[in-house]
Protein chains: 2
Amino acid sequence: MATRTDALTLEVVDLVATVVARYHEEYEDAAAQHSLTGAQARVLALLAHEPLPMRRIAMRLKCEPSNVTGIVDRLESRGLVERRPDPDDRRVKLAAATAEGRRTAGHLKSSLNFAREPLAGLSVAERTVLRGLLQRILGIDPT
Amino acid sequence: MATRTDALTLEVVDLVATVVARYHEEYEDAAAQHSLTGAQARVLALLAHEPLPMRRIAMRLKCEPSNVTGIVDRLESRGLVERRPDPDDRRVKLAAATAEGRRTAGHLKSSLNFAREPLAGLSVAERTVLRGLLQRILGIDPT
DNA sequence: TATTGTTATACTCTATAACTATA
DNA sequence: TATAGTTATAGAGTATAACAATA
C-alpha cells in the first residue's frame, strides 16, 4: 500500500480531473452543435439505444423522476423522442427515440471526437494497457 | 494510425466515460456534504489556492463573468469567500477564500476519495504507466 | 396501500444584453 | 473608447412535495 496520498497519486488524480474537464467540454460542445443541452444529449443517447420508462431514465441520470418529465418534454417537442404506453403496466410511459432522434444521436456520437484524436496517438499495445488500468480502477472484472 | 474507430478504442472511450461519470458523482457528493453545489465547490477550491479577479474565475470555469457574481455572492454570504479591492486597478475585485473557506476547501479535498480508493489498488509502477498514458492523451509534455 | 408519472414550487447555473465605475 | 463587475432577464436543470391514474 502506498503512503496516504503520495505525489504520484496526486499527479494521476490531477490528470484524471483534467481528462474529466476536457471530456465534459467536448460533450457539451458536441451537444450544443445540435442545439441540445448536455442532459438532453445524455437522455437522447440513452433512448437511441433502447426505449425506457421515465423512472429508469431518472435512475440512469441519477436525478429525480420529476426532472425527466421536462427533459423528455423538450426532446419530444423537437420530434426527437416520443412517449408510448407500456402494454404491461398502464402507469408506465416508455420514452423512445424517433427515427430522427436516432439519427441525431448518431451524429452526436460521431462528432464526439474525444474518441479518436487523443487516443489515436497511442499504439494498440498502449491502448490495451490503458484499458486494463481503467478497468482495475473502476473495479471491472476484465472478461 | 489505427482504423477509424476500432473496438479497442471504443472500449477505452467507454471506460473514460465511466470514469468521468463516477468522478462527477463523487465530486457532487463531496460538495453536497458541505452544502455546496458543484460550481460553488469548484470556485472555492480555486480561491483556496489563490485570490482571483472575477473575470479570471469565469475564464477558469469557462462561463460568462455574470454567472460568477452569483456564485461568489452565495459563497460570500456563507463567509467562505470575500471580495477585496485590487490596489492596481480599481475596476477589479479580487475574490479570496476566508480562513473558514480554506478550511472547508481542505475538508472537501480530503473527502474526495476518488483519489485514494481506486488508485490504491495500483502499484507504483502501474500508476507511473497510467500517468504517462494520460499525459500522452492530454498532449502534456512530461517534464 | 404502493407505484408511475406529472405538476407546482423554489433554487442554482447558464447566456445575453444593458448598466456603472473605472481605465 | 475599452474593460471589470454587476444587474436584469429568460431558459434549463435540480430537489421536494403533492397529486392523478393505475397496480
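Basis for what follows: all heavy atoms, side chains included, without hydrogens, waters or symmetry-related copies. Proteins come first, then strands; the chains are lettered A, B, ... in the order of their sequence lines, and each starts at number 1.
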Are the side chains of A:Leu75 and A:Val43 in contact, using a 4.5 Å heavy-atom criterion?
yes

Between A:Arg90 and A:Glu64, which is nearer to the 5' end of DNA chain D once each is assigned its nearest nucleotide?
A:Glu64

Does B:Met54 reach the side chain of B:Pro65, with side-chain heavy atoms less than 4.5 Å apart?
no

What's the verdict on side-chain contact (heavy atoms from CB on, under 4.5 Å) for B:Leu61 and B:Ile71, showing C-alpha distance, side-chain angles and the deciding distance?
CA-CA 11 Å; B:Leu61 259 64; B:Ile71 298 171; 4.2 Å; yes

Give the intermediate values and the outcome of side-chain contact (heavy atoms from CB on, under 4.5 Å) for residues B:His24 and A:His24.
CA-CA 10 Å; B:His24 245 81; A:His24 245 81; 3.3 Å; yes

Walk along nucleotides 2-10 of chain D from 5' to 3' and tag each nucleotide B, S or - by protein heavy-atom contact under 4.0 Å, base first, then sugar-phosphate.
-BBBBB---

Do A:Leu108 and A:Leu112 have side-chain heavy atoms sitting under 4.5 Å apart?
no

Between residues 34-47 of chain B and DNA chain C, which residues have a heavy-atom gap below 4.0 Å?
B:Thr37, B:Ala39, B:Gln40

Hey, is A:Arg78 close enough to A:Glu76 for a salt bridge, meaning N to O under 4.0 Å?
no

Distance under 4.0 Å to a non-hydrogen atom of chain B counts as contact; along DNA chain C, which nucleotides mark the start and end?
C:dT12 to C:dA23

Flag, side chain of A:Glu26 to backbone of A:Tyr23, donor-acceptor distance under 3.5 Å:
no

When you compare the side chain of B:His34 with that of B:Ser111, does any pair of heavy atoms fall below 4.5 Å?
yes

For the pair A:Arg102 and A:Glu100, find out whether any cationic side-chain nitrogen is under 4.0 Å from an anionic carboxylate oxygen.
no

Salt bridge check: are A:Arg136 and B:Glu126 linked by an N-O gap of less than 4.0 Å?
yes

